[in-house]
Amino acid sequence: MRWLVTGAAGMLGRDVVAALADDDDVVALDRHALDLRDAAAVDARVRDVDVVVNCAAYTAVDAAEQDEATAFAVNAVGAANLARAAARAGARIVHVSTDYVFDGDADTPYAPDHPPAPRSAYGRTKAAGEWAVRAHHPDHLVVRTAWLYGAGGACFPRTIARLAAERGGVDVVADQVGQPTWTRDLADYLVALVRAGAPAGTWHGTSSGACSWFDLAREVVASAGLDPDLVRPTTSDAFARPAPRPAWSVLSHDGSPVPPIGDWRERWRAAAAEVLGQESRPSSSSPSR
Ligand SMILES: NC(=O)c1ccc[n+]([C@@H]2O[C@H](COP(=O)([O-])OP(=O)(O)OC[C@H]3O[C@@H](n4cnc5c(N)ncnc54)[C@H](OP(=O)(O)O)[C@@H]3O)[C@@H](O)[C@H]2O)c1
């Protein structure tokens with residue numbers, strides 16, 4: 001099978017390319033090789049492939065509040081460009097989306113067909129991207145994920161481990177609940193959907209179970225060999241950010257065509273050495289996407 005991966009230098013993109021490395025033909029394109037906003041370039045590159053995996057996105061959630069047009073150009077128009085080109089090329093498209101398309105007011109897990117109601121500019125542009133992909137290409141797999149961490153990018157666990165060590169304590173919000181998900185697990189899930197011939201539709205690619213950022217931070221700090229009590233609980237009100245985050249964004253895996261990703265804590269423990277083993281890039285102390 002011949003695959004084309006966009007956003008290949010991103011945190012997820014790197015792991016998707018790695019997941020395909022052994023036995024597939026992969027065209028891996030970073031933003032410099034293919035900018036999704038350039039419809040002509042997208043048309044020219046999406047040829048002679050069987051599957052397109054879109055890992056490219058404008059992911060600066062807070063910055064998007066002041067720059068929604070740029071976020072929309074990538075997350076909605078860019079996704080439309082890619083879906084149209086994939087349809088013309090006769091390739092399936094796997095498009096990655098986010099729990100931020102939901103408002104976070106639910107108290108039972110969001111089903112894939114639950115109506116989106118984004119609260120942030122980023123969430124609006126990602127919801128628009130989902131609709132664009134569905135509208136332009138019937139053979140789509142729209143896969144929502146959440147709270148990603150991985151070795152290939154700045155992420156919450158790496159930042160928290162660094163801050164706990166440097167500052168001897170860190171405040172982390174305890175009133176946002178979600179599903180921390182390893183990029184390697186999501187990459188495997190996306191590839192498994194395609195290999196299983198999953199029907200077109202919308203699926204949820206997140207770890208099972210749920211926790212707060214505070215819960216995750218305690219696990220992370222323990223994995224880093226530090227005292228989990230270095231993590232202190234705080235609230236979203238006390239830690240105001242430009243973009244509102246869903247308070248409770250737990251995604252349901254009911255009906256998943258392939259086995260869902262395992263429990264968040266067990267998956268974190270499997271991932272910890274790899275994710276924490278690299279130098280952290282500078283970033284803020286709070287979840288960003
Ligand atoms: N991270 C999370 O917690 C999270 C949660 C839910 C959903 N998601 C979704 O998961 C997917 C992967 O996210 P990620 O965490 O891997 O993000 P990431 O590390 O920021 O990677 C995104 C990649 O897209 C590239 N890109 C930006 N604008 C582009 C454009 N116009 N054309 C082509 N490429 C462009 C970026 O390149 P530059 O760096 O050079 O700009 C970057 O390499 C995205 O769809 C995101 O919305 C992420």
Side-chain angles (χ1 to χ4, degrees), residues 4-18 28-39 41-42 45-46 52-64 67 69-82 85 93-102 104 110 118 120-130 132-133 141-159 176 178-187 189-190 203-207 213 216 243 245-246 249 251 261 264 275 281 283-284 286-289:
L4 183 146
V5 180
T6 63
M11 187 165 68
L12 174 63
R14 288 166 195 246
D15 277 343
V16 170
V17 172
L29 302 175
D30 65 12
R31 182 167 58 85
H32 300 291
L34 182 63
D35 187 324
L36 293 194
R37 294 171 295 181
D38 182 343
V42 171
R45 292 309 296 251
V46 181
V52 173
V53 185
N54 184 20
C55 299
Y58 180 112
T59 56
V61 173
D62 288 320
D67 194 14
T70 305
F72 191 88
V74 180
N75 294 345
V77 180
N81 291 340
L82 197 61
I93 185 164
V94 180
H95 175 72
V96 180
S97 190
T98 171
D99 59 320
Y100 281 25
V101 301
F102 295 124
Y110 286 98
S120 61
Y122 167 76
R124 286 191 291 275
T125 66
K126 293 292 290 184
E130 292 186 1
V133 168
L141 297 166
V142 172
V143 182
R144 297 192 189 108
T145 191
W147 293 27
L148 286 183
Y149 59 79
C155 59
F156 177 83
R158 294 170 65 175
T159 303
Q176 289 173 30
Q179 295 163 310
T181 302
W182 189 12
T183 44
R184 269 233 250 171
D185 284 338
L186 176 59
Y189 185 79
L190 300 177
W203 310 107
H204 287 163
T206 50
S207 295
W213 289 111
L216 174 60
R245 267 73 176 160
S249 60
L251 306 186
I261 299 168
W264 72 269
V275 175
R281 294 181 194 171
S283 75
S284 72
S286 57
S288 64
R289 298 181 272 267

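When a ligand or atom number is given, it counts from 1 through the structure's own listing order. All values below come from the heavy atoms of this structure, side chains included, with hydrogens, waters and symmetry mates left out. The residues of the chain are indexed from 1 along the displayed sequence.
With hydrogens and angles disregarded, no donor-acceptor distance shorter than 3.5 Å links the side chain of Thr125 to the backbone of Asn75. The main-chain N or O of Ala151 is found under 3.5 Å from a side-chain atom of Arg158 such that the two form a donor-acceptor pair. Checked by atom type and distance alone, the side chain of Gln179 never pairs as donor or acceptor with a backbone atom of Thr206 at under 3.5 Å. Of the possible polar contacts, one joining the Lys126 side chain to the Val96 backbone as a donor-acceptor pair under 3.5 Å is found. In this structure, Asp30 contributes its side chain and Ala8 its backbone to no donor-acceptor pair below 3.5 Å. Remark: side-chain polar atoms of Arg37 are not paired, donor with acceptor, to backbone N or O of Gly78 under 3.5 angstrom.
If you check each of Cys55, Ser249, Ala154, Gly13 against atom 23 (C) of ligand 1, the one with the closest non-hydrogen atom is Cys55. Closest heavy-atom approach to atom 40 (O) of ligand 1 within the set His95, His32, Arg31, Gln179: this belongs to Arg31. For atom 17 (O) of ligand 1, the nearest non-hydrogen atom from the set Leu12, Val42, Thr59 belongs to Thr59.
Looking at Leu34 against ligand 1, only its backbone comes within 4.0 Å, counting heavy atoms. Heavy atoms of Tyr100 found under 4.0 angstrom from ligand 1: none, in either backbone or side chain. For Ala56, heavy-atom contacts with ligand 1 shorter than 4.0 Å involve the backbone as well as the side chain. Only the side chain of Tyr122 comes within contact range of ligand 1, with a heavy atom under 4.0 Å; no backbone atom does. Both the backbone and the side chain of Leu148 come within contact range of ligand 1, each with a heavy atom under 4.0 Å.
The shortest N or O to N or O distance between Lys126 and ligand 1 is below 3.5 Å. The distance criterion of under 3.5 Å between nitrogen or oxygen atoms is met by Ala57 with respect to ligand 1. In terms of polar-atom proximity, defined here as any N/O pair under 3.5 Å, Leu36 does make such a contact with ligand 1. Looking at ligand 1, you won't find any N or O of Ser97 less than 3.5 Å from one of its N or O atoms. Among the atoms of Ala146, none of the N or O lies under 3.5 angstrom from an N or O of ligand 1. Considering both main-chain and side-chain atoms, Met11 comes within under 3.5 Å of ligand 1 through a nitrogen or oxygen pair. The distance criterion of under 3.5 Å between nitrogen or oxygen atoms is met by Asp35 with respect to ligand 1.
Atoms of ligand 1 lying under 4.0 Å from any heavy atom of Arg37, numbered from 1 in the order shown and given with element: 31 (N). Heavy-atom contacts of Trp147 reach the following atoms of ligand 1: 3 (O), 5 (C) (cutoff under 4.0 Å). Atoms of ligand 1 found under 4.0 Å from any heavy atom of Val74 (numbered from 1 in listed order, with element): 28 (N), 29 (C), 30 (C), 31 (N). Set against the non-hydrogen atoms of Thr98, the atoms of ligand 1 under 4.0 Å away are 6 (C), 7 (C).
Ion pair Arg245/Asp62 flagged as a salt bridge, since at least one NZ, NE, NH1 or NH2 atom sits closer than 4.0 Å to an Asp/Glu carboxylate oxygen.
Centroid-to-centroid, the aromatic rings of Phe102 and Tyr110 come within less than 6.0 Å. Taking the six-membered ring for Trp, Trp147 and Trp264 have ring centres at least 6.0 Å apart.
Expressed to the nearest 0.5 Å, how far CG of Asp38 lies from CZ of Arg45 amounts to 11.5 Å.
In this structure, Tyr149 and Thr181 have side chains that are not in contact, with every pair of non-hydrogen atoms separated by 4.5 Å or more. Within the 4.5 Å cutoff, side-chain heavy atoms of Asp67 are placed close to those of Thr70.
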